[in-house]
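This report refers to the structure that appears directly beneath it.
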Amino acid sequence: MDKLKIRREEVWRYLGAASLPHDSALARKIEEACEKLDQIAAPRWTSLRLPLSFEKDGVLFIGEQRYISHDLTRHLHHCREVFLFAATLGIGVDQWIRRSEITDMSMAVILQACAAEAIESWCDRCEESLLQEARKNDLYLRPRYSPGYGDFSIEYQSQLLRTLQAEKKIGLTVTESCLMLPMKSVSAVIGLTSNQESCHIHKCAACSNTTCPFRKV
């Protein structure tokens with residue numbers, strides 16, 4: 001596995017310090033965290049391509065599974081297929097963060113930021129493989145849309161992961177409160193569309209939470 005590509009400028013953004021003068025001590029701790037994260041992370045991912053169909057009142061079927069979400073329906077309205085997608089950094093990252101919360105809380109905060117960027121970067125790299133598959137059929141990808149976005153209920157997390165057989169394939173499970181384990185993980189629906197203007201990179205543009213402090217666009 002190649003090293004994780006952790007974009008340092010994104011780590012600073014997650015820390016809320018992107019617009020501030022960069023402190024050299026903090027920069028060193030970020031580098032230390034990134035190096036350690038690269039050693040202990042075990043990034044994995046899985047996907048499944050399925051047909052998509054729509055019914056009335058925000059009801060849609062992905063394969064044989066029924067979902068209800070007006071926001072997801074609007075997001076996928078040009079699509080007839082989707083990828084279900086899940087990715088994780090592995091349980092070792094969670095364990096390391098928990099240990100740091102006991103021994104060095106400032107490092108734990110930095111680790112959270114580094115890991116948040118690492119899973120986003122890892123997902124972006126995985127999506128490039130999906131894009132190559134889509135392009136064989138002259139299709140493009142919509143931005144990934146995760147349970148918990150808009151009115152796409154977080155409770156669909158378990159249904160999505162069961163369909164992917166994510167526990168068997170990449171060791172990813174979900175708790176009764178809909179939290180994924182390992183925590184530094186992502187699940188999503190990614191639409192396939194013939195619309196060339198659709199861009200899978202600008203994910204914030206697909207999210208209805210315009211007040212999010214981490215919004216890029």
Side-chain angles (χ1 to χ4, degrees), residues 1-46 85-128 143-144 146-149 154-155 157-158 160-161 164 166-188 201-204 207 209-217:
M1 174 59 61
D2 295 336
K3 287 187 175 183
L4 288 169
K5 294 182 179 179
I6 304 175
R7 297 162 291 202
R8 304 309 195 259
E9 67 277 9
E10 290 298 296
V11 174
W12 286 91
R13 188 174 66 86
Y14 277 113
L15 289 170
S19 61
L20 301 176
H22 285 193
D23 177 81
S24 58
L26 177 56
R28 284 193 298 270
K29 294 196 79 168
I30 290 173
E31 290 305 314
E32 178 185 345
C34 289
E35 289 175 10
K36 182 67 175 179
L37 185 60
D38 193 58
Q39 294 172 12
I40 66 173
R44 301 173 70 188
W45 70 286
T46 188
F85 170 83
T88 182
L89 296 184
I91 196 64
V93 175
D94 287 6
Q95 293 170 341
W96 182 39
I97 291 174
R98 284 197 296 269
R99 286 196 298 270
S100 297
E101 287 172 345
I102 297 171
T103 60
D104 186 348
M105 182 53 74
S106 65
M107 176 56 83
V109 172
I110 295 170
L111 293 177
Q112 288 281 5
C114 292
E117 158 52 22
I119 187 61
E120 283 294 309
S121 177
W122 173 238
C123 288
D124 289 347
R125 292 174 65 189
C126 297
E127 281 191 58
E128 289 303 316
R144 56 181 180 265
S146 295
Y149 285 9
I154 192 70
E155 294 181 358
Q157 197 87 268
S158 58
L160 194 156
L161 294 183
L164 281 169
E167 181 175 8
K168 176 182 178 181
K169 293 180 178 179
I170 62 173
L172 179 56
T173 62
V174 63
T175 68
E176 290 184 0
S177 56
C178 303
L179 294 176
M180 286 186 289
L181 295 175
M183 294 183 67
K184 295 307 178 185
S185 304
V186 167
S187 68
I201 297 299
H202 298 299
K203 295 173 285 296
C204 288
C207 180
N209 185 5
T210 58
T211 63
C212 175
F214 302 115
R215 192 174 180 87
K216 297 180 183 179
V217 297

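This is a predicted model, so every value here is computed, not measured.
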**OP:** Kindly compute the distance separating SG (C114) from OH (Y14), expressed to the nearest 0.5 Å.
**Re:** 11.0 Å
Subject >> C34 side chain near E117 side chain, heavy-atom distance below 4.5 Å >> reply: no
**OP:** Run the numbers on R28 and E31 for salt bridge (charged side-chain N to carboxylate O under 4.0 Å, His left out), then give the verdict.
**Re:** CA-CA 5 Å; R28 284 193 298 270; E31 290 305 314; over 6 Å; no
Subject >> Spacing of CG belonging to L172 relative to OG belonging to S185, to within rounding of 0.5 Å >> reply: 4.5 Å
Subject >> Heavy-atom check, side chain of V186 versus side chain of S146, under 4.5 Å >> reply: yes
**OP:** Measure across A115 and I97 and return the closest heavy-atom pair with its distance rounded to 0.1 Å.
**Re:** CB-CD1, 4.3 Å
**OP:** With rounding to the nearest 0.5 Å, note down the distance linking CZ in F85 to CZ in R144.
**Re:** 6.0 Å
Original post:
Near E101 CD, under 6.0 Å, is it more than 12 heavy atoms from other residues, nucleotides or ligands?
Top reply: yes
**OP:** Using the side chain to side chain contact (heavy atoms under 4.5 Å, CB included) rule, take V174 and L160 through it: C-alpha gap first, then chi angles, then the decisive distance, then the call.
**Re:** CA-CA 10 Å; V174 63; L160 194 156; over 6 Å; no
**OP:** Before giving the answer on side chain to side chain contact (heavy atoms under 4.5 Å, CB included), spell out for K29 and D104 the whole-Å C-alpha distance, their side-chain angles and the decisive distance to 0.1 Å.
**Re:** CA-CA 11 Å; K29 294 196 79 168; D104 186 348; 3.6 Å; yes
**OP:** Would you indicate whether the side-chain heavy atoms of E167 and L161 approach each other to under 4.5 Å?
**Re:** no
**OP:** Kindly compute the distance separating CE (M183) from CD1 (I91), expressed to the nearest 0.5 Å.
**Re:** 9.5 Å
Subject >> Point-to-point distance, once rounded to the nearest 0.5 Å, from CG of L15 to CD1 of I30 >> reply: 5.5 Å
**OP:** Apply side chain to side chain contact (heavy atoms under 4.5 Å, CB included) to the pair E120 and R7, showing each step before the final yes or no.
**Re:** CA-CA 10 Å; E120 283 294 309; R7 297 162 291 202; 4.1 Å; yes
Original post:
Is the closest side-chain heavy-atom distance between K5 and R125 below 4.5 Å?
Top reply: yes
Subject >> Nearest atoms (heavy-atom pairs only) where I110 meets A33 >> reply: CG2-CB, 3.9 Å
Subject >> Side-chain heavy-atom pair M180, T88 within 4.5 angstrom cut-off >> reply: no
Original post:
Out of curiosity, T173 OG1 to L181 CG, how far, rounded to the nearest 0.5 Å?
Top reply: 4.5 Å
**OP:** Taking the side chain as every heavy atom from C-beta outward, state whether I6 and D38 have any atom pair closer than 4.5 Å.
**Re:** no
Original post:
With side chains defined as the heavy atoms from C-beta onward, is the minimum distance between I119 and V93 less than 4.5 Å?
Top reply: no
Original post:
Does W122 reach the main-chain N or O of R44 with its side chain, forming a donor-acceptor pair under 3.5 Å?
Top reply: yes
Original post:
What's the shortest heavy-atom distance between G171 and P182, and which atoms?
Top reply: O-CD, 3.6 Å
Original post:
Between L89 and L4, is any pair of side-chain heavy atoms under 4.5 Å apart?
Top reply: yes
Original post:
Is a donor on one side and an acceptor on the other found under 3.5 Å between the side chain of S187 and the backbone of Q157?
Top reply: no
